[in-house]
Protein chains: 2
Amino acid sequence: MSSTQMLKGILDGCLLALIAEEELYGYELATKLAAYGFSDISEGTIYPLLMRMQKLGWIEATHRVSPSGPKRKYYTVTPDGRTELAAFTTRWQKLSASVQHILKEES
Amino acid sequence: MSSTQMLKGILDGCLLALIAEEELYGYELATKLAAYGFSDISEGTIYPLLMRMQKLGWIEATHRVSPSGPKRKYYTVTPDGRTELAAFTTRWQKLSASVQHILKEES
DNA sequence: ATCTACTACCTTGCTTTACAATATAGCAAG
DNA sequence: CTTGCTATATTGTAAAGCAAGGTAGTAGAT
């Protein structure tokens, strides 16, 4: 059992939360996540996730030139995305409390 | 996005923790999880998971008669299972801290 | 006897999703 | 002109939750 399975259904909420703070582009997110304690989230994970969320209308993209490479695709959170982020946060808090409750039993 | 994806890689650790407390059988686990805040974990989820963990050597089973139905299959945690439970707990704490960190930013 | 309901276990097929691997391409320094 | 960093995208695979369905045992009511 690796650690990757744990991320399912959690990563999208985390990306939403990060983009909600400030406009970000995919490549930046990949590096930024590490700063928050996530180890090596690959681009093969992030780009499909961003496109999925864009298709769902949670985020929007605008192209901008980069000072050092190809054009960047900056994402911002839509109102629908804010709603989803709030729902995610609620789900997470509930799940987190349940797991903590179970793990606390053994002492 | 439903809540079910979030459970991936988490449910097995939770089941391990519950079985580590006391000998349990599958049907009982299905009902018991609700008491810990998990909503409706179906038997189609639990039984394959138990068999998977048994195959991995994390839990062992013994049959026992039931006062009200077919024989029950009670599970106990093996030493390997204890090791895995400890590893799971560490992974969970780390992930949980990371997500909290990200979600806390928006205030 | 038969019907209903609860207990208890197991299997099949579907769907979602993380991710490795791979591809493409721009820019800059040496 | 090659190396390396930046930047986005696609393909194929595997893991895992779960709805739906199946099989049985026990027991009380009609």
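No experiment lies behind these values; they were computed from the predicted model shown. Lettering of chains follows the sequences in order, A, B, ..., and the numbering in each one begins at 1.
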S.K.: Please figure out whether Gly69(B) or Ser42(B) has its closest DNA chain D nucleotide nearer the 5' end.
M.R.: Ser42(B)
S.K.: Whole-Å distance between dA9(D) P and Lys71(A) NZ?
M.R.: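 Interatomic distance, NZ of Lys71(A) to P of dA9(D): 11 Å.
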S.K.: Nearest of dT6(D), dC9(C), dT7(C) to any side-chain atom of Ser66(A)?
M.R.: dT6(D)
S.K.: Could you go step by step and tell me if Lys32(A) and Glu22(A) meet the salt bridge (Lys or Arg N to Asp or Glu O under 4.0 Å) rule?
M.R.: CA-CA 12 Å; Lys32(A) 192 149 196 156; Glu22(A) 56 175 332; 2.5 Å; yes
S.K.: Is there a side-chain contact between Tyr25(A) and the phosphate of dA7(D), meaning an N or O under 4.0 Å from OP1 or OP2?
M.R.: yes
S.K.: Tell me whether the OP1 or OP2 atom of dC19(C) has a side-chain N or O from Thr45(A) closer than 4.0 Å.
M.R.: yes
S.K.: Just the rounded figure in Å: distance from P of dA8(C) to CD1 of Ile46(B).
M.R.: 13 Å
S.K.: To the nearest angstrom, how far is His63(A) atom NE2 from dG26(C) atom P?
M.R.: 13 Å
S.K.: Is it the case that dC9(C) (base atoms only) and Glu43(B) (side chain only) share a donor and an acceptor within less than 3.5 Å, ignoring hydrogens and angles?
M.R.: yes
S.K.: Check this for me, if you would: do Glu84(A) and Arg91(A) make a salt bridge, where the nitrogen-to-carboxylate-oxygen distance has to be below 4.0 angstrom?
M.R.: yes
S.K.: Looking for any heavy atom pair under 4.0 Å, which part of the strands does Gly44(B) touch: base, sugar-phosphate only, or nothing?
M.R.: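 Base, at least one base heavy atom under 4.0 Å.
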S.K.: Looking only at the side chain of Pro70(A) (C-beta and beyond, no hydrogens), which of the listed nucleotides dC18(D), dA25(C), dC10(C) gets closest?
M.R.: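 Between dC18(D), dA25(C), dC10(C), the one nearest the side chain of Pro70(A) would be dA25(C).
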S.K.: Please determine whether salt bridge (Lys or Arg N to Asp or Glu O under 4.0 Å) holds for the pair Glu23(A) and Arg72(A), giving the CA-CA distance in whole Å, both sets of side-chain angles, and the decisive distance to 0.1 Å.
M.R.: CA-CA 11 Å; Glu23(A) 232 183 8; Arg72(A) 294 170 178 168; over 6 Å; no
S.K.: Go through it in stages, so that I can follow the logic: the residues are Ile10(B) and Val99(A), the test is side chain to side chain contact (heavy atoms under 4.5 Å, CB included), and I'd like the CA-CA distance, side-chain angles, deciding distance and then a yes or no.
M.R.: CA-CA 8 Å; Ile10(B) 292 176; Val99(A) 176; 3.7 Å; yes
S.K.: Please pick, from dC18(D), dC19(C), dT8(D), the nucleotide with the shortest atom-to-atom distance to any side-chain atom of Lys73(A).
M.R.: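 Nearest to the side chain of Lys73(A) among the choices is dT8(D).
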S.K.: Nearest to the side chain of Leu11(A) - dA18(C), dT11(C), dT10(D)?
M.R.: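 The listed nucleotide nearest to Leu11(A)'s side chain is dA18(C).
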S.K.: What is the separation between atom CD on Gln5(B) and atom P on dT17(C), rounded to the nearest whole Å?
M.R.: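 One finds 5 Å between P of dT17(C) and CD of Gln5(B), rounded.
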S.K.: Starting at atom CZ of Arg52(B), determine the distance to atom P of dC18(D), rounded to an integer number of angstrom.
M.R.: 11 Å
S.K.: Just how far, in rounded Å, is P of dC10(C) from OH of Tyr47(B)?
M.R.: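 Between P of dC10(C) and OH of Tyr47(B): 7 Å.
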S.K.: Separation of Leu49(A) atom CG from dC19(C) atom C1', in whole Å?
M.R.: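 Result: 11 Å.
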S.K.: Would you mind reading off the distance between Lys8(B) atom NZ and dC19(C) atom C1', rounded to a whole angstrom?
M.R.: 14 Å
S.K.: Taking the side chain of Arg72(A) as its heavy atoms from C-beta onward, which of dC9(C), dT10(D), dT8(D) lies nearest to it?
M.R.: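 Between dC9(C), dT10(D), dT8(D), the one nearest the side chain of Arg72(A) would be dT8(D).
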S.K.: Hey, what's the ring geometry for Tyr25(A) with Tyr74(A), parallel, tilted or perpendicular (30° and 60° as the breaks)?
M.R.: perpendicular
S.K.: Does Tyr27(A) put a side-chain nitrogen or oxygen below 4.0 Å from OP1 or OP2 of dT8(D)?
M.R.: no
